[in-house]
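A short write-up of the structure that comes next.
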Amino acid sequence: MSPHRPTQTATGAPHPEETAARDAGPGHAPAPVWLPDPAEAAASRLARFTEFVAARTGTTHADYTSLWQWSVDDLPGFWSAVADFFALATTGEPEYVLDDTPMPGTRWFTGTRLNYAEHALRHGEDEATALVQVSEDGTTVHVTWAELRSQVGALAAWLRGQGVVAGDRVVGYLPNTAHTVVAFLATASLGAVWSACGQDYGPEGAAARFAQLEPVVLVAADGYRWSGRVHDRREQSAALRDALPSVRATVQLPHLGLPVTDATTTPWAEALATPAAPEFARVPFDAPLWVLFSSGTTGTPKGIVHGHGGVLLDHHKLLGLHLDLGPGDRFLWYTTPNWMMWNMVVSGLLTGATLVLYDGSPSHPGPDRLWQLAADHRVSVLGVSPGYLQGSAKAGLEPGRDLDLSALRVLGSTGAPLPAQAYHWVRDHVGPRVQTASTSGGTDIVSGFAGSAPNTPVWPGEMSAPMLGVALAAYDADGKPVVDEVGELVVTRPLPSMPLYFWNDPDGRRYREAYFGAYPGIWRHGDWMTRTAHGSVIVSGRSDSTLNRHGVRLGSADLYAVVDPLPGIRESLVIGAELPDGGYWMPLFLVLEPGQELTDQLRTRVLTAIRTHASPRHVPDTVIQVPAVPHTRTGKKLEVPVKRLLQGARLEEVAGREAVDDMGALEWFLRYAPGAERGQ
């Protein structure tokens, strides 16, 4: 499979620039869609860090590639430079930066003590804005740095009064609000362990995660807003508390302004009633900070534990160097507490940036909601999903023309591969000076593997480079690195933000099987990846949902990049299923825009586009219209659960109800299980 695919315009036609690159001959790299401004790159924190490295090592780095190579060759030198450049506040001298234990089990900065919350609250003039909270109804609340520090100190004191100590777990059933940030930072300041999920989870789904942790305090909101509707969640919060027998105290946040009706629940205002300056318990570098959970589509959600030190190092690097965030910047990434991007957003405070927190639908009251927020609040770095960009293109939005986005310099995208045509759309309809920063990472490391930097070109359909400190490679079936070929995404050297362990996995067996079963001592992430000859990275989809045509491995992202932008199509899902009789079935399922039907003409247009702009091997066996595509609650298409249904697995074996955004959409695919009559 060629690593360079032709892009399309919003109408589905090939983009002229990509067609020219394709016609120039095999191996010809596409032209960059964005190039760094030399003056801006030279003024970036990454440039200052490069000078800092040169001063302490005597080695200069003329470009990003050189700096990256040093960062993975000399892990102790790189990560200690990150710690010193950002002046991490620590107690004790490390015995070593990292030991020589192979992955998993590598230990970092042993002997050092620190605290995440201390770093999150050390920036900002008292009266400057730290948080901007925007509700779906437009209600906006500004929280100054002084107010944030005061609220964190007050809640931490209340938690201490409930007997919460380092290592205890505090959990949140919450929307994306300033209160949620306060609750997390108060928990972290004590050295206690935080975990959260959004209130779109039912009590059973939240309990499936939180009960594993045996939390001592539950922080829950009275409800949230979505698509113009108000959702009162007090009853569900009470049911969740009842399902967590270890909980000693419950706090209710007033997001909707509803009264506390349960005498055993403490109102938020009461928990913050006694002023207190924040105090910070410095804990070992590898003390647990938070527990994030896997989606739970294939069983009980796995609790993934990350530490204070690893998160501090990695998030300073990603946000401070790669995104160049700092004081004066405003940072908005559309997310919910269900997703690791919420944790990444909160880490914007580490750099002194102001966070813009939005709770609500990204398309209410219209598809331009996030663009409008970015304009209203002078956002410097905006993060959205590939689907939001494709929806903006289909809606004919012109955010660069119709809104003042002059403060916007980076547009981030993650959660799924970003198709090439979206890069051109951003340049042409958002602005040519805005850098498209597609990123690939995961909950597993609560960070990124590949992305961009202030001094890296951007090629359409590609991430600019592996991130600093990430020894990223594509491995073939024999475990050998390949270039310009699809292989397994692997990381060959340790990262400080790799999980400390899985919760309730005392011997580490599940952790080793999850990442190190295929290549001992090498992290296998489960994605198909191409490392191109010019240094960029292309992620083609999950390797456990591989399409396999006559022995040739294909990525589903290549097909989605062609099909999803076509007029009349809202979304697609392709599955390659090995069948019990030895056959192989590769259907393409389409969700159409309202009023559209899957006519022979549309089917032919889809198949022709796939054959022309992906490859003949990508052409599916059949095209089927479906009412909806099921996703995880963080928006990822459920390729593997649908594949397993097509292979005969039972519904309850492939996904838990609370892991799926629309269980009815997943149930619909049962009609195509073995023994069922397959139709159009």
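Position 1 is the first residue of the sequence; numbering continues from there.
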Answer yes or no: is there a side-chain heavy-atom contact under 4.5 Å between [X] and [Y]?
| X | Y | result |
| --- | --- | --- |
| P337 | N176 | yes |
| P254 | H179 | yes |
| L213 | W194 | no |

Exam field: side chain [X] to backbone [Y], donor-acceptor pair closer than 3.5 Å:
| X | Y | answer |
| --- | --- | --- |
| N115 | A281 | yes |
| S195 | V291 | yes |
| T112 | F285 | no |
| R493 | A471 | no |
| T180 | P175 | yes |
| T354 | T129 | yes |
| H306 | D444 | yes |
| S189 | A186 | yes |

[atom2] on [Y] to [atom1] on [X], rounded to 0.5 Å:
| X | Y | atom1 | atom2 | value |
| --- | --- | --- | --- | --- |
| W158 | E270 | CH2 | CD | 8.5 Å |
| Q212 | N504 | CD | CG | 6.0 Å |
| F86 | L321 | CZ | CG | 4.0 Å |
| D168 | R248 | CG | CZ | 6.0 Å |
| T90 | R113 | OG1 | CZ | 11.5 Å |
| F109 | L313 | CZ | CG | 5.0 Å |

Open item on the list: Checking side-chain polar atoms at under 3.5 Å, does R282 have a donor or acceptor matched by the opposite partner on T91?
Closed with: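 Result is yes, a qualifying pair exists.
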TODO: Give a yes-or-no answer on whether the side chains of D359 and H255 include a donor-acceptor pair shorter than 3.5 Å.
DONE: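 Yes, side-chain donor-acceptor contact under 3.5 Å.
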Hey, what's the ring geometry for [X] with [Y], parallel, tilted or perpendicular (30° and 60° as the breaks)?
| X | Y | value |
| --- | --- | --- |
| H316 | H119 | perpendicular |
| F449 | H525 | perpendicular |
| F516 | W523 | perpendicular |

Task: Output field: ring centroids Y116/F184 closer than 6.0 Å - done: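 Between F184 and Y116, which both carry aromatic rings, the centre distance is below 6.0 Å.
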- [ ] Kindly state whether the ring of F502 and the ring of Y511 have centres lying under 6.0 angstrom apart.
- [x]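 Yes: the rings meet the under 6.0 Å criterion.
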Open item on the list: Around atom CD of E513, are there more than 12 heavy atoms from other residues, nucleotides or ligands closer than 6.0 Å?
Closed with: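 Enclosed: over 12 neighbouring heavy atoms sit under 6.0 Å from CD of E513.
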TODO: Can you tell me which residue pairs pass the salt bridge (charged side-chain N to carboxylate O under 4.0 Å, His left out) test with a partner in residues 123-144, sequence neighbours excluded?
DONE: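 Listed by first then second residue: D126-R149, D137-R225.
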- [ ] Only pairs at least two apart or in different chains count here, so list each salt bridge (charged side-chain N to carboxylate O under 4.0 Å, His left out) that has a residue in residues 316-336.
- [x]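 Qualifying pairs, neighbours excluded: R45-D324, D314-K317, D329-R409.
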Open item on the list: Evaluate Q199 against Q236 for side-chain contact (heavy atoms from CB on, under 4.5 Å), listing each step before the verdict.
Closed with: CA-CA 9 Å; Q199 292 190 305; Q236 289 79 4; over 6 Å; no
